[in-house]
Amino acid sequence: MNRFLCALVILLLCFSCGELVPNPDENPNNITRDSSEKTEEKQQEFAIVIHGGAGTILRKNMSPEKEAAYKAKLEEAIRTGYEILKNGGSSLDAVEKTINVMEDSPLFNAGKGAVFTNAATNELDASIMDGKTLNAGASAGTTTVKNPINLARAVMEKSEHVMLSGKGAETFAEEQGLEIVAPEYFYTENRFQSLKKIKDKEKTELDHDAKTAFYDPMIKDSKFGTVGCVALDKNGNLAAGTSTGGMTNKRYGRIGDAPIIGSGTYANNATCAVSSTGWGEYFIRAQVAHDISALMEYKGLSLKEAAQLVIQEKVPNLGGNGGIVAVDKNGYMVMEFNTAGMYRASMTDGGEITIKIYE
Ligand code: ASP
């Protein structure tokens, strides 16, 4: 009898601890759940988040003037999208127009301000996704389209394809009446000097095969400024977009994660919208943007939990770095990165604005 009682007490204790002590197998990454985020309640009627690239952005390397210029441009960009959303416009329009502001600024590695390839050209990538229809469009390796995000949207809406590249993408852009510029339009002196510096460094290195030269830490950090935007509109539709010049010194027609749906960009009204920035090869391998959505859809994680798992564990465990901005279907916003900084801004439906650069 005593033995029976003991067993019963032990059994009862086990049951009561089940809630308090998580089974490590069920939570292998030890992500703490924030129950306030699990709520299905709408947090915002509409919301918008942007990034202007992640990397080793350190306060000590930044002059007050430069910092102010970045913050002013981030604010101009996000307010553009905010106004569209506030007036009942679509999340797709907000994403496209917000990204246009950053593409037209030489501060960011997208549009004007794109980094240089090894051949001293500028080859631009972009993508956009509609969370309502799961339709998507992307362009890769273009050299003459002023605003690649507009081309990505045209591919999504006006072609039966998802991704166009190089000359074909440029022909399509012309046919669609998009603004075409001479390749020299993308020249900026400081991006050109970055390429020169990297190439000089390569020359002085005795032992460098093509791979180590490409993955040189200096190279991986000279790509800041990819831009991205995610938004939720008043109709509950999510959209995401990303635009970039890629990585300085890239070769052989290299394409990064930015135009890859599921890596650089993903949106699904059932879960969230995500835009990535970082070392593209790792973001492709980790399928960052879709992975975050899938963790929410199939595992029931909150946006924050999913973003933390992918950005703080999965990507760095592979050896990559970078960050994302995301918004979920309830307007909950996340800006997650594993680098020293990420140019970023968010705005709530009430107009509350946050603009940050460092951790
Ligand atoms: N993800 C971009 C690429 O790899 C670069 C960046 O975000 O900084 O092309």
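Just follow the structure's listing: the first ligand is 1, and inside any ligand the first atom is 1. Values in this document were obtained by computation on a predicted structure and should not be read as measured data. Position 1 is the first residue of the sequence; numbering continues from there.
Listed by chain and number, the residues in a side-chain contact (heavy atoms from CB on, under 4.5 Å) with Thr171 are Glu175 (sequence neighbours excluded). Asp349 pairs by the salt bridge (Lys or Arg N to Asp or Glu O under 4.0 Å) definition with nothing, not counting sequence neighbours.
If you check each of Asp257, Thr277, Ile284 against atom 1 (N) of ligand 1, the one with the closest non-hydrogen atom is Asp257. Remark: among candidates Asp125, Thr226, Thr248, the nearest residue to atom 6 (C) of ligand 1 is Thr226, based on non-hydrogen atoms.
The cluster map of Ile, Leu, Val, Met, Phe, Trp and Tyr, joined by side-chain heavy atoms under 4.5 Å apart, puts Met333 and Val230 in the same cluster.
Between Ala54 and ligand 1, no N or O atom pair is found at a separation short of 3.5 Å. The distance criterion of under 3.5 Å between nitrogen or oxygen atoms is not met by Gly225 with respect to ligand 1.
For the pair Lys73 and Phe108, the cation-pi criterion (under 6.0 Å, within 45° of the ring axis) is not fulfilled.
Contact annotation for Arg254 and ligand 1: only side-chain heavy atoms (C-beta onward) come within less than 4.0 Å of the ligand.
Residues Asn190 and Gln193 bring no donor and acceptor atom of their side chains to less than 3.5 Å of each other.
Side-chain atoms of Ile353 and Ile355, non-hydrogen and from C-beta on, do get closer than 4.5 Å to each other.
Close contacts of ligand 1 with Met247, meaning ligand atoms under 4.0 Å from a residue heavy atom, involve 4 (O). In the vicinity of Gly246, heavy-atom distances shorter than 4.0 Å reach the ligand 1 atoms 5 (C), 9 (O).
Not close to ligand 1: Gly53, with no non-hydrogen atom less than 4.0 angstrom away.
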